[in-house]
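Sharing a structure, written as structure tokens. Questions coming.
Since the model is a prediction, treat every value here as computed from it, not as a measurement. Sequence lines set the chain letters: A, B, ... in the order given, protein chains first and strands last, and positions in each chain run from 1.
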Amino acid sequence: MAVVFQRTAGLTDAETHYCPGCTHGIVHRLVGEVLVELGVLDRAIAVIPVGCATLAYDYFNCDVQQAAHGRAPAVATGIRRVLPDRVVFAYQGDGDLASIGTAEIVHAAHRSENITVIFINNAIYGMTGGQMAPTTLVGQKTTTSPLGRDPRLAGEPIRIAEMLAQIPGASFVERVACDSPPHVKAAKRVIRRAFETQLAGEGFALVEVLSTCPTNWGLEPVDALAWVRDHMIPYYPLGNLRDPKKDAAARGGVRPEE
Amino acid sequence: MARVLMKGNEAVGAAAIAAGCRHYFGYPITPQSELLEYMSVHLPKVGGVFLQSESEVAAINMCYGAAGAGARVMTGSSSPGIALMQEGISYLAGAELPSVIVNIVRGGPGLGGIQPAQSDYHQSTRGGGDGDYKLLVYAPSTVQEMAELVALAFDKADEYRNPVMIVGDGMLGQIMEPVEIVERPPDPALPPKTWATTGTRDHPGSRSIINSLFLKPEVLEHHILDLFAKYERMREREVLVEEYRVEDADLVVVAYGTTARIVKSAIAALAAEGVRVGLIRPITLFPFPAESLRRLPDRVANLLVVEMSMGQMIDDVRIANEGRRTVHFLGRTGGMIPLPQVIADTVRHILAEHHAGDVPHVSVGDEKGGR
Ligand SMILES: Cc1ncc(C[n+]2csc(CCOP(=O)(O)OP(=O)(O)O)c2C)c(N)n1
Ligand code: SF4
């Protein structure tokens, strides 16, 4: 009988603490599968954030460093500069990356640190109980925007992928979503490309993943997926913004070093 | 290497490289920038990595990553920059990562000034970040001593898996003195860093995890008790102190860093008049050389603490003194430096006019008298 699905060796056997319908778990699996398929799990080092994914040191089946809130790109930089032949990735939420850690992510991209960043945009602070994030949509109710996000007070939601794509050092930037099986499959291909960018030494790669937080959105898991499709994707369009391959093609197929 | 004339900040860099440091992350700030500049020139020459970070916050977290990956790593700054690093220093202590952090202290609070000060004693010894933790803190008083303590700091950081801080006032960073930098590779007795996150292929069957989160209170308490057992070992083994002319002293001054050198000038002047004054110079601020104070002869009724601050180390002196002797204070702050003649005058005043039971003499700023 053919095996159609099995656990990935990229994750440990630990049961995750994520809420039912939370897509953190799906993204963990995709990252784990990609590390295994690329044959780099045993030289991978994960840097995990402060947020719901803090406990991912129990889940990613590789060496892990837990970073202070927002500082994962700086921690990953330190590791990368000591161990240039390892595979270093940061996994960060939207409070972590898009709020408290904006300086660190912008400058890691700016230096084109040869790291891969998986950025979970669930439009809310999950771990602390559903406060407004920089990515919270206009009108979206959270515990700190009880009447819905008011852009006059809190600004418009921040589009991290587009912002970082402006930086010359941001070699690979793409936004994906986890709301449907085709999107999940596409997300895996993109995560793989982001790691391949690092393996080719092509510099900073970031994948923004539109993710769910049914618990703090106050939605059933299935409705949460629909909310990503109906509300998040229209504001956060999916697609590639930067790819070394594309950029090389745009320059006539010649990379600077060639 | 022969003795060469070097700025204190540069000597720190040279000593770090001679001790096997190959990674430096930092951000410019007066009066410490020469260290950053020195590292940018010299680390690449030995195959090391110098990286100017976007902030001190990033610098200390780069240290965290590099230390967790097993490297000998250093960062440096001056007071406001160290304040920004405190979160990261707490994480280093919590995750038990070795790093060397250099603080060339300037006057505060806030942006303060850029002249020498000792007003970061609390920030260095009291755990400036969150939680129950300690750093091993060295306070050199000459450029040569600073170079030697930097080398020692790397070994001690590795031995205890703890951040170690070098505290020098701005004067020590800027002054030029002859110094001999000795190659001092890592102590071969140090255990290999099997805990480092270098990828599981280096340690098959186990994962290295660098972490300071312990959600279960009973587990966190246990972790902190382990940390404090470590700090207790430091108290037993790592105290460094200079005791100068204390045996026959009538009064003993307690001072560290550059201030202690000024005190020695005052002691020499007083000795010429037949006034016998000793000096206790803590070289480790943590662990504090409390025993040196307890051991003083009974005839010493008065201690005079001299600091370039409003009085921070004096807290540790009082704790160690346990009320036995009267603790007086002389302080200049904000970048002002106590003059030898003022110190000598203060000693004369205390010895001539202070009687048991009187309130201690305290003078701060340019006040001539006490208050
Ligand atoms: C310096 C600091 N500030 C605040 C917190 C509290 N905190 C923990 S998690 C978190 C937000 C995490 O949200 P996000 O990054 O969106 O991740 P999610 O939980 O949604 O996956 C905050 C603010 C902290 N741990 N440290
Ligand atoms: S709180 Fe939200 S982000 Fe966190 S585990 Fe639950 S659903 Fe996921």
Are more than 12 heavy atoms from other residues, nucleotides or ligands located less than 6.0 Å from atom CD of A:Glu162?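 Correct, the count exceeds 12.
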Considering residues, nucleotides and ligands other than B:His122, do more than 12 of their heavy atoms fall under 6.0 Å from its NE2? yes
Gap between atom CD of B:Glu54 and atom CZ of A:Arg111 - 0.5 Å precision: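 That separation rounds to 5.0 Å.
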Side chain, backbone, both or neither: which part of B:Tyr64 has an atom under 4.5 Å from a heavy atom of chain A? both
For A:Glu104 against B:Ser55, the heavy-atom pair lying closest together: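 For A:Glu104 and B:Ser55, the tightest heavy-atom pair comes out as OE2-OG, 4.4 Å.
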Most chain A-contacting option - heavy-atom pairs closer than 4.5 Å, from B:Val57, B:Leu215, B:Thr198: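 Of B:Val57, B:Leu215, B:Thr198, B:Thr198 has the most heavy-atom pairs under 4.5 Å with chain A.
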Nearest heavy-atom neighbours spanning A:Leu83 and B:Thr197: CD1-O, 3.5 Å
Can you tell me how far the CG atom of A:Asp63 sits from the CZ atom of B:Arg201, to the nearest 0.5 Å?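 CZ of B:Arg201 is found 11.0 Å from CG of A:Asp63.
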Contact class of A:Ala68 relative to chain B, heavy atoms under 4.5 angstrom: both
Heavy-atom distances under 4.5 Å only: say whether A:Leu55 touches chain B with side chain, backbone, both or neither. side chain
In terms of heavy-atom proximity below 4.5 Å to chain B, should A:Arg86 be classed as side chain, backbone, both, or neither?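 The side chain, not the backbone.
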Taking atom CD as the centre, does B:Glu218 end up with more than 12 heavy-atom neighbours from other residues, nucleotides or ligands that are less than 6.0 angstrom away?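 Enclosed: over 12 neighbouring heavy atoms sit under 6.0 Å from CD of B:Glu218.
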Should the heavy atoms of other residues, nucleotides or ligands under 6.0 Å from CD1 of A:Ile100 be counted, would the total exceed 12?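 Yes, the 6.0 Å shell around CD1 holds more than 12 heavy atoms from other groups.
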Note: B:Ser212 and A:Gln66 closest approach over all heavy atoms is OG-OE1, 4.4 Å
Contact summary for A:Ala74 and B:Ala58, nearest pair of heavy atoms: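 Nearest pair, atom of A:Ala74 first, then B:Ala58: CB-O, 3.7 Å.
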Distance col, row B:Asn211:CG vs A:Tyr57:OH, nearest 0.5 angstrom, shows 4.5 Å
Is the number of heavy atoms from other residues, nucleotides or ligands under 6.0 Å of B:His42 NE2 greater than 12?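 Yes - once you tally the heavy atoms of other residues, nucleotides and ligands closer than 6.0 Å, there are more than 12.
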More than 12 heavy atoms from other groups under 6.0 Å of OH on B:Tyr38: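 Yes - once you tally the heavy atoms of other residues, nucleotides and ligands closer than 6.0 Å, there are more than 12.
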Check whether B:Ile60 gets within reach of chain A through its side chain, its backbone, both or neither, counting any heavy atom under 4.5 Å.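 Looking at B:Ile60, nothing touches chain A.
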Which region of A:Val87, side chain (C-beta onward) or backbone (N, CA, C, O), has a non-hydrogen atom less than 4.5 Å from a non-hydrogen atom of chain B, or is it both or neither?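 It is neither, since no heavy atom gets under 4.5 Å.
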So what's closer than 4.5 Å to chain A heavy atoms on B:Ala95: side chain, backbone, both or neither? neither
Check: B:Arg207 side chain, A:Phe60 main-chain N or O, donor-acceptor pair, under 3.5 Å: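 A pair under 3.5 Å: yes.
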Residue pair A:Thr77 / B:Leu51: nearest heavy atoms and the distance that separates them: CG2-CD1, 4.0 Å
How long is the span from the CZ atom in A:Arg81 to the NE2 atom in B:His23, to the nearest 0.5 Å?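 Going from the CZ atom of A:Arg81 to the NE2 atom of B:His23 covers 9.0 Å.
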Most contacts with chain B, counted as non-hydrogen pairs under 4.5 angstrom, among A:Val82, A:Val40, A:Ile48: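 Ranked by contacts with chain B, first place is A:Val82.
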